Structures are given as structure tokens and as C-alpha cells.
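See below for the structure under consideration.
Sequential numbering from 1 along the given sequence is applied to the chain's residues. Every value quoted in this text rests on a predicted model; they were computed, and no experiment measured them.
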Amino acid sequence: MRWLDRIPLLWLALIAGWLAVAPVVPEPHLIEKLRMLTQGQLTRPIDIFDLLLHSVPILLLVLRLWRDAKRRRSGKS
């Protein structure tokens with residue numbers, strides 16, 4: 001997981017934030033794909049790819065923040 005620690009936190013947050021809301025109009029893809037998933041309509045490969053494209057940076061950011069917090073608690077740098 002050292003590769004994740006080498007990604008600057010600011011860039012990771014910016015990318016995750018941007019992909020979470022892109023495109024802003026008419027509706028963010030992440031919201032649209034999550035709605036499709038809950039309704040059982042997420043069946044096309046392009047839609048599944050789109051969900052992954054917009055959600056993976058957020059998951060990486062959460063994982064990175066969790067690792068940083070864990071490292072701070074244990075006193076490691």
C-alpha cells in the first residue's frame with residue numbers, strides 16, 4: 001500500500017471530489033449510477049465501468065485517510 005501513500009493527499013482529494021460531481025449537469029454520474037444500482041438497472045458494462053470510474057478515487061481517498069489516521073494513532077511517520 002506504499003503506492004497509495006506516495007500519492008499527494010491534495011491531488012487525491014481533488015480528483016475524488018471532481019469525479020464525484022462530474023458532470024454537474026444534468027446529474028452527477030455517481031448519483032445516477034448509484035440510483036441505477038439500487039433499482040437493479042445497472043446491467044450494461046459501460047454503466048458498471050462508469051460507476052467504478054467515479055467511485056474508485058473516493059474509495060482510495062477514504063483508504064488513504066484511514067491509513068493516515070491509523071499511522072498517527074500508532075505514532076509512526
Side-chain angles (χ1 to χ4, degrees):
M1 296 300 286
R2 288 186 195 144
W3 62 271
L4 183 58
D5 296 334
R6 287 189 296 235
I7 300 172
L9 190 56
L10 176 64
W11 281 108
L12 190 57
L14 289 173
I15 291 167
W18 176 252
L19 284 176
V21 298
V24 177
V25 177
E27 176 182 36
H29 276 13
L30 186 57
I31 301 297
E32 175 187 9
K33 301 310 176 193
L34 288 173
R35 186 173 25 78
M36 289 173 70
L37 180 65
T38 60
Q39 294 173 351
Q41 298 174 348
L42 193 70
T43 57
R44 295 182 6 204
I46 189 68
D47 292 331
I48 296 168
F49 171 76
D50 213 17
L51 175 63
L52 290 174
L53 176 73
H54 289 272
S55 62
V56 165
I58 296 168
L59 296 174
L60 289 176
L61 177 62
V62 168
L63 181 60
R64 169 69 186 276
L65 292 172
W66 176 74
R67 286 177 51 81
D68 287 351
K70 184 176 156 185
R71 196 172 319 136
R72 273 194 304 266
R73 278 194 306 262
S74 68
K76 295 179 183 177
S77 44

Identified side-chain contact (heavy atoms from CB on, under 4.5 Å) counterpart of His29 within the set Asp47, Asp50, Leu53:
Asp50
So, the side chain of Arg67 versus the backbone of Leu4: is there a donor-acceptor pair under 3.5 Å, distance only?
no
Between NE2 of His54 and CD of Glu32, what distance do you get to the nearest 0.5 Å?
9.0 Å
Thinking salt bridges, do Asp68 and Arg64 make one under a 4.0 Å N-O criterion?
yes
So, for Pro28 and Ala20, which heavy atoms are closest and what is the spacing to 0.1 Å?
CB-O, 3.8 Å
Between Met1 and Leu63, is a side-chain contact (heavy atoms from CB on, under 4.5 Å) present by the stated rule, with each step listed?
CA-CA 10 Å; Met1 296 300 286; Leu63 181 60; 3.0 Å; yes
Test side-chain contact (heavy atoms from CB on, under 4.5 Å) applied to Ile58 and Ile15, Leu12, Leu19, Leu30, the passing residue:
Leu30
Does Leu34 reach the side chain of Leu42, with side-chain heavy atoms less than 4.5 Å apart?
no
Same cluster or not: Leu59 versus Trp66, using hydrophobic residues (I, L, V, M, F, W, Y) connected whenever any side-chain heavy atoms lie under 4.5 Å apart?
no
Shared hydrophobic cluster for Leu9 and Val56 (ILVMFWY, side-chain gaps under 4.5 Å)
yes
Flag yes if Phe49 and Leu52 sit in one hydrophobic cluster, no otherwise; membership is Ile, Leu, Val, Met, Phe, Trp, Tyr, and two members link when side-chain heavy atoms are under 4.5 Å apart.
no
Is any side-chain N of the basic residue among Asp5 and Arg2 closer than 4.0 Å to the acidic one's carboxylate O?
no
